[in-house]
Visitor: 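Below is the structure I would like to discuss, written out as structure tokens.
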Protein chains: 2
Amino acid sequence: MNIGEAAAASGVTAKMIRHYESIGLIQEAGRTGAGYRTYGPKDLATLSFIRRSRDLGFSIAQIRDLLALWQDRSRASADVKRIAGGHIEELTAKMQQLQEMVMTLQHLSSHCHGDDRPDCPILERLATGVGDEDCCEPAAAMKGRS
Amino acid sequence: MNIGEAAAASGVTAKMIRHYESIGLIQEAGRTGAGYRTYGPKDLATLSFIRRSRDLGFSIAQIRDLLALWQDRSRASADVKRIAGGHIEELTAKMQQLQEMVMTLQHLSSHCHGDDRPDCPILERLATGVGDEDCCEPAAAMKGRS
DNA sequence: CCTTGACCTTGACATGATGGGAAGGTGCAT
DNA sequence: ATGCACCTTCCCATCATGTCAAGGTCAAGG
């Protein structure tokens, strides 16, 4: 199986397959006499594993660990669960950050006329930092930002 | 005002101030005889504007537009609102992606023993793609991923 | 046999926003 | 005058991915 076929079958681009090989995430592929990389079913399974992990937002470092656990028959499921749990926390934290931004923006936007006049609470807030963040709702947004 | 003081006062690192200057986001700062950059109150206001915009997740390109509007007294608030609205949509889309990931991960994690045994639905899902995603809840998660 | 087109190879460079560090000059206080 | 804190420019790194270029290979058809 060529790299192109492996890419199509796994959903990982050829470019990324080479990249993953170069950083040691996957083993070096076999080669034909002409230097073409060759892939078997086991390689395909690994590539698909990686793609699904990426789809769930795992970093390459986390995938490295997950792959190691996957290939370790004496693994403890607790180790896998711990990685997943940490990842859930990261994702949740990011979501909360985004949520705060969205809340603030929606609040500011709702008070912007959105017409031809230059008056704009969004710009005022960006310029002065003292838009009316706490005037109407006791929103917890933007209270403890970094 | 030195770059260090401007950085401390605005919350933008000296590194980033130089970077913003190099990409033309801000004007070139004045210089002392020795070549040190100097900043005045107006520069400080601009830097603070940029930092607040970044805190709200705006990209550099968006900030470029926001700055132009800010400095344009004949702006229409509709233009500002449109930028903010687009940004809200971007953020919301990202949040939904993260939400889907979290839902899937939590579902898988909840079925993982998390003990010494190697059995793990998380790894199974990553390996085969056919974990029990729709067995219990009709979760809309991971139905139309890219 | 030769061409053509699709594929492969490596390598370099870009993204976006930021951090880190080196090598060398400046300002100020002791 | 010595030292320390700050400034300058320039290069490299991150993370995951894409793009492009120059060249080699394979298979099919003329």
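Quick caveat, the model's predicted, so the values are computed rather than measured. First the proteins, then the strands, lettered A, B, ... as listed; each starts at 1.
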Visitor: Hey, is the side chain of A:R37 poking within less than 4.0 Å of OP1 or OP2 on D:dT25, counting only N and O atoms?
Guide: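 Indeed not, no polar side-chain atom of A:R37 lies that close.
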Visitor: A:R54 has a side chain; which of D:dA16, D:dC26, D:dT8 sits nearest to it?
Guide: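 In terms of side-chain proximity for A:R54, the closest of D:dA16, D:dC26, D:dT8 is D:dA16.
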Visitor: Looking at B:T13, does any N or O in its side chain come under 4.0 Å of the phosphate oxygens OP1/OP2 on C:dG19?
Guide: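 Looking at the OP1 and OP2 atoms of C:dG19, one of them is under 4.0 Å from a side-chain N or O of B:T13.
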Visitor: Do the side chain of A:R75 and the main chain of A:L69 share a donor and acceptor less than 3.5 angstrom apart?
Guide: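 The answer is yes, because a donor-acceptor pair under 3.5 Å joins these two groups.
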Visitor: Can you tell me if the side-chain N/O atoms of B:R51 get under 4.0 Å from OP1 or OP2 in C:dT18?
Guide: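 So the side-chain polar atoms of B:R51 never come under 4.0 Å of the phosphate oxygens OP1 or OP2 of C:dT18.
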Visitor: What is the separation between atom CD1 on A:I63 and atom C1' on D:dC15, rounded to the nearest whole Å?
Guide: 12 Å
Visitor: Give a yes/no answer on whether the side chain of A:R18 brings an N or O atom under 4.0 Å of OP1 or OP2 in D:dT17.
Guide: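 No.
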Visitor: Tell me which nucleotide among D:dT9, C:dC8, D:dC10 gets nearest to the side chain of B:R31.
Guide: D:dT9
Visitor: Round to the nearest Å and state the distance from B:Y20 atom OH to C:dT18 atom P.
Guide: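 So the two atoms are 4 Å apart, to the nearest Å.
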Visitor: Report the distance from atom CD1 of A:I17 to atom P of C:dT9, rounded to the nearest whole Å.
Guide: 9 Å
Visitor: How about A:Q27: does its CD atom have over 12 heavy atoms from other parts shown lying under 6.0 Å from it?
Guide: no
Visitor: Of the nucleotides C:dT18, D:dT17, C:dC8, which one has an atom closest to the side chain of B:M16?
Guide: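 Minimum distance to the B:M16 side chain belongs to C:dT18.
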Visitor: D:dG24, OP1 or OP2 - any side-chain N/O from A:Y36 closer than 4.0 Å?
Guide: no
Visitor: Going by purine N1 to pyrimidine N3 plus the second Watson-Crick contact, or the G-U wobble pair, all under 3.5 Å, which nucleotide sits opposite D:dG30?
Guide: C:dC1
Visitor: For the atom pair CG (B:L105) and SG (B:C112), what is the distance rounded to the nearest 0.5 Å?
Guide: 11.5 Å
Visitor: Do the charged groups of B:E21 and B:R37 touch, with an N to O distance under 4.0 Å?
Guide: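 Yes, charged N to carboxylate O under 4.0 Å.
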Visitor: Using 4.0 Å as the upper bound for N to carboxylate O, is an ion pair formed by A:R117 and A:D119?
Guide: no
Visitor: Just the rounded figure in Å: distance from P of D:dT9 to CD1 of B:I3.
Guide: 8 Å
Visitor: Would you kindly give the CG-to-P distance between B:L25 and C:dT18, to the nearest whole Å?
Guide: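 Nearest whole value for this atom pair: 11 Å.
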Visitor: Heavy atoms under 4.0 Å, any strand shown: does B:T32 hit a base, just sugar-phosphate, or nothing?
Guide: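 B:T32: no heavy atom of the nucleic acid under 4.0 Å.
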Visitor: When you match B:I60 and A:A14 each to their closest nucleotide on DNA chain C, which lands nearer the 5' end?
Guide: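 Looking at DNA chain C, the more 5' nearest nucleotide goes with A:A14.
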Visitor: Find the distance B:D55:CG to C:dA17:C1' and express it as a whole number of Å.
Guide: 14 Å
Visitor: For the pair made of NZ in A:K15 and C1' in C:dC7, what is the distance, rounded to whole Å?
Guide: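 That distance rounds to 15 Å.
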Visitor: Atom NZ of B:K94 to atom P of C:dG16: distance rounded to whole Å?
Guide: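 So the NZ-P distance, B:K94 to C:dG16, works out to 12 Å.
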